[in-house]
Amino acid sequence: MLIKNNKTRAALIALLALGSAAAWPRVASAETVLRIGMTAADIPRTLGQPDQGFEGNRFTGLTMYDALTGWDLSSADKPSVVIPGLATEWKVDDADKTKWTFKLRPGVTFHDGSPFNADAVVWNVEKVLKQDAPQFDASQVGVTASRMPTLASAKKIDDMTVELTTKEPDSFLPINLTNLFMASPAKWQHFYDKAEGADAKAKSQAAWTAFAKDAAGTGPWKMASFTPRERLELVKNASYWDKARVPKVDKMVLLPMPEANARTAALLSGQVDWVEVPAPDALPELKQRGFKLYANEQPHVWPWQFSRIEGSPWNDIRVRKAANLCVDREGLKDGLLAGLMVPATGTFEPGHPWRGKPAFEIKYDKAAAQKLMQEAGFGPNKKLEVKIQTSASGSGQMQPLPMNEYLQQALAECYFDVKLDVIEWNTLFTNWRRGAKDPSANGSNATNVTYAAMDPFFALVRFLQSGMAPPVSNNWGFINNPKFDELVKKARQTFDPAARDAALAELHAASVDDAAFLYVAHDVGPRAISPKVTGVVQPKSWFIDFSLVSMQ
């Protein structure tokens, strides 16, 4: 809950700062240390495939690990694009579009000193795809396989070359692979050989548990110490393969702080140097006291995702369109969020190559929304009850509870009776993969999980294609629209970039015309950072490169 009374908020900040001071890590003055307050309620998983959405990838994925492909995070002005990572180049087979050849980067070692090679790639693919592999870990599958659903297998060609095979032609594969992080097979095997267990499966689980406490990837940061639910300490990898990205800071300390006012209190009291998503009403004070505020439009959407199962109130397109027309997004931006959002009129805004030309214009038009609801059989004396599952905090959720309360009040004027089911963020994220039919939905007919829109699969396919319904991926509401399926297939099997963009634009326009989501906002990734921190580049991305940061 946001505190709008400045005296009350100031008192809370002072109290929180005083009460928590003893709990914060003390550091020696000889080393430079960056302390970050995350929005997560717990440290994202550290074993190589993080949980907690893309906040997990940001903090425990891209820091300690690399993938075959990565994101260019070096510019605040240009969109982030996919670049070589542990693979230097890749090519789809001309004769068989299900086969890809990836050339690997030579001379790379894991944090434990073991070599990165084709065997390591095959091992990491099989940890989430091959159920009879010793290292297969079902707990990593949900956050990985759902992000690259067509990848079928990996085969070593030689030490520095692998062949990846997909279930069907898929031009999105190089983008999807940014989510498959490479953990050290040798380090895992060390723990496996020492593990106790009744059988191989039990030993494997014990090995992964041990690995999470003493992880080894190839990334620019190495694990130094880990206290679950309290903090993760990372130190720079001085021998990182990309010399331009060897961290400039000696240590980075990650602290879970799910409540916005608590994060802001910690920053103002000097207990941390950097917070994700500060409390909006504290921005004037932060600026006055010299803290630097960073924001940049991200490929990221804050939506309601509708259930389309039998009996859902959202099966009526008039209801879906009415909800989209009933929200004053500019009022939300200028009021509650203090300017820290971009109003959403779809997943992509005009000027984006995947925008297309939707016929349905998403805007604030309460009269039109009321008319649609009346046509659907609702009015002042007969309201439509809907239930939305959301969280109180979490990765990219912005200010979920106040924002949903804003929508609750706005939609009431268009004859909606909105009920909120507020749960913990990571639980919400888990429920998202289970779908609207699962008991975990708790009777909700919409879910509020923000989503990244960096690539075609993440932005559109996993929500719109019928085959992506749970447990495969994130079509939570079980959308089943033959037109969407046809356009997904067209885009996925088009390897010419311009023609693929045109197909994706057609798919996006069709989704907006169908009012597939309640599109509310695009995040701008607000951060408040101490003036002691320099070199921050906030890209147009969900992610950020901590290696570039320096401390005075």
Which of parallel (below 30°), tilted (30 to 60°) and perpendicular (above 60°) describes [X] and [Y]?
{"X": "Tyr451", "Y": "Phe517", "result": "perpendicular"}
{"X": "Trp274", "Y": "Phe546", "result": "tilted"}
{"X": "Trp304", "Y": "Trp314", "result": "perpendicular"}

Would Asp273 and Arg35 count as a salt bridge (charged side-chain N to carboxylate O under 4.0 Å, His left out) here? Give the steps. CA-CA 5 Å; Asp273 311 294; Arg35 301 160 299 171; 2.9 Å; yes

Would you confirm whether [X], through its side chain, and [Y], through its main-chain N or O, come within 3.5 Å as a donor-acceptor pair?
{"X": "Asn404", "Y": "Leu401", "value": "no"}
{"X": "Asn445", "Y": "Val386", "value": "no"}
{"X": "Arg289", "Y": "Leu268", "value": "yes"}
{"X": "Gln298", "Y": "Ser541", "value": "yes"}
{"X": "Gln397", "Y": "Asn448", "value": "yes"}
{"X": "Thr46", "Y": "Ala212", "value": "yes"}
{"X": "Asn426", "Y": "Gln52", "value": "yes"}
{"X": "Asn296", "Y": "Ala76", "value": "yes"}
{"X": "Ser80", "Y": "Trp71", "value": "no"}
{"X": "Arg329", "Y": "Tyr364", "value": "no"}

[X] vs [Y] side-chain heavy atoms within contact, under 4.5 Å:
{"X": "Pro50", "Y": "Val143", "result": "no"}
{"X": "Arg527", "Y": "Gln538", "result": "yes"}
{"X": "Arg318", "Y": "Met373", "result": "no"}
{"X": "Glu413", "Y": "Lys366", "result": "yes"}
{"X": "Leu283", "Y": "Pro278", "result": "yes"}
{"X": "Phe54", "Y": "Asn179", "result": "yes"}
{"X": "Gln399", "Y": "Leu337", "result": "yes"}
{"X": "Asn475", "Y": "Phe463", "result": "no"}

Taking only Lys NZ, Arg NE, NH1 and NH2, and the carboxylate oxygens of Asp or Glu, determine whether [X] and [Y] approach each other closer than 4.0 Å.
{"X": "Arg45", "Y": "Asp51", "result": "no"}
{"X": "Glu233", "Y": "Arg231", "result": "yes"}
{"X": "Asp421", "Y": "Lys419", "result": "no"}
{"X": "Arg263", "Y": "Glu259", "result": "no"}
{"X": "Asp514", "Y": "Arg320", "result": "yes"}

List the steps and the verdict of side chain to side chain donor-acceptor pair (under 3.5 Å) for Asn315 and Arg308. CA-CA 6 Å; Asn315 286 335; Arg308 301 298 301 278; 3.1 Å; yes

For the [atom1] atom of [X] and the [atom2] atom of [Y], what is their distance to the nearest 0.5 Å?
{"X": "Ile388", "Y": "Leu518", "atom1": "CD1", "atom2": "CG", "value": "8.5 Å"}
{"X": "Trp221", "Y": "Thr63", "atom1": "CH2", "atom2": "OG1", "value": "8.5 Å"}
{"X": "His300", "Y": "Thr347", "atom1": "NE2", "atom2": "OG1", "value": "11.5 Å"}
{"X": "Glu424", "Y": "Ser393", "atom1": "CD", "atom2": "OG", "value": "7.0 Å"}
{"X": "Leu73", "Y": "Ser547", "atom1": "CG", "atom2": "OG", "value": "9.5 Å"}
{"X": "Ile423", "Y": "Ser444", "atom1": "CD1", "atom2": "OG", "value": "8.0 Å"}

Not counting sequence neighbours, which residues clear salt bridge (Lys or Arg N to Asp or Glu O under 4.0 Å) with Asp72? List them please. none

Checking Thr144 against Gln49 for the side chain to side chain donor-acceptor pair (under 3.5 Å) test, could you report, in this order, the C-alpha distance in whole Å, the side-chain angles of both residues, the deciding distance, and whether it holds? CA-CA 7 Å; Thr144 311; Gln49 298 304 138; 3.1 Å; yes

On the ring face of Phe360, is Lys321 found with NZ or CZ under 6.0 Å from the centre and within 45° of the axis?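 Ring-cation test returns yes.
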
Geometric cation-pi criterion Lys383 and Phe378, 6.0 Å radius, 45° cone: no

Tell me every residue that passes ring-ring contact (aromatic ring centres under 6.0 Å, His included) with Trp425, counting only those two or more places apart in sequence or in another chain. Phe429

Using the side chain to side chain contact (heavy atoms under 4.5 Å, CB included) definition, which of the options Asp545, Asp77, Ile544 pairs with Pro539?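 The side chain to side chain contact (heavy atoms under 4.5 Å, CB included) with Pro539 is passed solely by Ile544 among Asp545, Asp77, Ile544.
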
Sole candidate of Ile36, Val537, Val536 that passes side chain to side chain contact (heavy atoms under 4.5 Å, CB included) when paired with Val549: Val536

Might you work through the side chain to side chain donor-acceptor pair (under 3.5 Å) test for Glu230 and Thr227, ending with a clear yes or no? CA-CA 5 Å; Glu230 291 185 18; Thr227 307; 4.7 Å; no

How would you list, by chain and number, every residue that makes a side-chain contact (heavy atoms from CB on, under 4.5 Å) with [X], sequence neighbours excluded?
{"X": "Asp250", "value": "Glu31, Thr32, Lys236"}
{"X": "Val342", "value": "Glu297, His522, Val524"}
{"X": "Leu62", "value": "Phe181, Phe543"}

Decide whether Glu55 and Thr39 meet the rule of one side-chain donor and one side-chain acceptor closer than 3.5 Å.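 On atom types as modelled, these side chains qualify, holding a pair under 3.5 Å.
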
Do Gln389 and Trp432 meet the criterion of a side-chain donor-acceptor pair at a distance under 3.5 Å?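 Looking only at side-chain atoms, Trp432 and Gln389 do not form any donor-acceptor pair under 3.5 Å.
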
Which heavy atom of [X] sits nearest to which heavy atom of [Y], and what is that distance?
{"X": "Pro149", "Y": "Val472", "value": "CB-CG1, 4.4 Å"}
{"X": "Leu325", "Y": "Ala369", "value": "CB-CB, 3.9 Å"}
{"X": "Pro303", "Y": "Thr450", "value": "CD-CA, 3.8 Å"}
{"X": "Phe478", "Y": "Ala469", "value": "CD2-CB, 3.6 Å"}

Enumerate the residue pairs fulfilling ring pair (Phe, Tyr, Trp, His ring centres under 6.0 Å) with a member in residues 383-408, sequence neighbours excluded, ordered by first and then second residue.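 Matches after skipping sequence neighbours: none remain.
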
Show your reasoning for whether side chain to side chain donor-acceptor pair (under 3.5 Å) applies to Gln205 and Thr209. CA-CA 6 Å; Gln205 290 175 340; Thr209 300; over 6 Å; no

Given His508, which partner from the list Tyr519, Phe348, Trp354 fulfils the ring pair (Phe, Tyr, Trp, His ring centres under 6.0 Å) test? Phe348

